[in-house]
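See below for the structure under consideration.
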Amino acid sequence: MLLDPFNAVREDLKDTGIIPDVIPVDPPFHPKALLVVTFPTSQEALLGNTLTKTDTADEPTVLFTPVLDVTDEPTYTLVMTDPDAPSRENPKFRQWRHWMVTGVKTPPTSAVETDNLAAQLTKPAVTSYYPPAPPPGTGKHRYVILLYQEPNADFSIPADAPERKNEPANRKNWNAAGFADKYGLKLVGVNYFVVVGE
């Protein structure tokens with residue numbers, strides 16, 4: 001039986017342990033969007049391909065194809081997290097929050113004509129982009145990019161929320177699923193890549 005692209009994503013996430021390390025088993029995750037993540041170096045996240053620290057040093061652009069009613073024009077929150085901090089064998093800092101942006105929108109219809117299909121980041125980052133920097137000798141780290149549909153167009157993270165604290169010490173031991181539950185966010189798309197701590 002052939003898997004459709006969404007089922008293929010879900011099966012890959014199970015095979016690599018992202019379900020349940022980042023995404024809970026219950027309720028079952030059913031992707032609603034295909035997420036394309038491209039770094040300025042032209043390297044892409046391709047469901048677990050290995051990239052380098054150099055490849056991923058700068059904030060990526062994101063494209064996604066939502067399978068949603070386009071008349072409601074939802075907004076999204078984008079997150080990047082590392083469940084393998086400081087290593088997959090000893091993930092005592094799981095998860096390490098690398099990036100968070102709210103108010104993400106699909107490009108306007110006119111963008112199709114200009115070939116600029118990147119998602120629009122309409123607000124400053126809640127958590128500024130911190131590039132992958134796995135410690136030497138810690139092996140493969142999975143960097144998981146999560147796309148959540150926001151509950152309404154006025155959604156924002158409070159000024160005193162932990163996600164607004166950007167120092168390295170404030171980024172560890174975070175929980176994406178708990179964060180989503182707290183704010184009524186619905187996971188719709190996932191992608192990830194690997195960087196090796198050498």
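If you're wondering where the values come from, they're calculated on a predicted model, not measured in any experiment. We number each residue from 1, following the sequence as shown.
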- Message: With salt bridge (Lys or Arg N to Asp or Glu O under 4.0 Å) as the rule and sequence neighbours excluded, what pairs involving residues 128-151 come up?
- Response: D21-R142, D84-R142

- Message: Tell me if the aromatic rings of W99 and Y130 count as close, with their centers under 6.0 Å from one another.
- Response: no

- Distance in Å, K123 NZ paired with T77 OG1, rounded so as to fall on 0.5 Å steps: 8.0 Å

- Task: Measure from the ring center of H98 to the ring center of Y143 and say whether it is less than 6.0 Å.
- Result: yes

- Between H30 and R10: side-chain donor-acceptor atoms closer than 3.5 Å: yes

- Taking T52 as the fixed residue, which of T56, D55, T50 is the one that meets the side chain to side chain donor-acceptor pair (under 3.5 Å) rule? D55

- Pairwise distance CG(L187) to CZ(F29) - rounded to 0.5 angstrom: 4.0 Å

- Scan side-chain atoms only and decide if T127 and R97 contain a donor-acceptor pair under the 3.5 Å cut-off. yes

- To the nearest 0.5 Å, how far apart are NZ in K186 and CG in D181? 13.5 Å

- Query: Are the side chain of T138 and the backbone N or O of P134 linked by a donor-acceptor pair below 3.5 Å?
  - Reply: no

- Item | Heavy-atom side-chain proximity of L185 to F179 below 4.5 angstrom | yes

- Task: Say whether, by atom type as modelled, one donor and one acceptor occur between the side chain of T61 and the main chain of T38 under 3.5 angstrom.
- Result: yes

- Message: Can you tell me how far apart CG (L47) and CG (N191) are? Round to the nearest 0.5 Å.
- Response: 4.5 Å

- Message: Let's go through L146 and V22 carefully: what are the C-alpha distance in whole Å and the side-chain angles of both, what is the deciding distance for side chain to side chain contact (heavy atoms under 4.5 Å, CB included) to 0.1 Å, and is it a yes or a no?
- Response: CA-CA 10 Å; L146 305 157; V22 177; 4.0 Å; yes

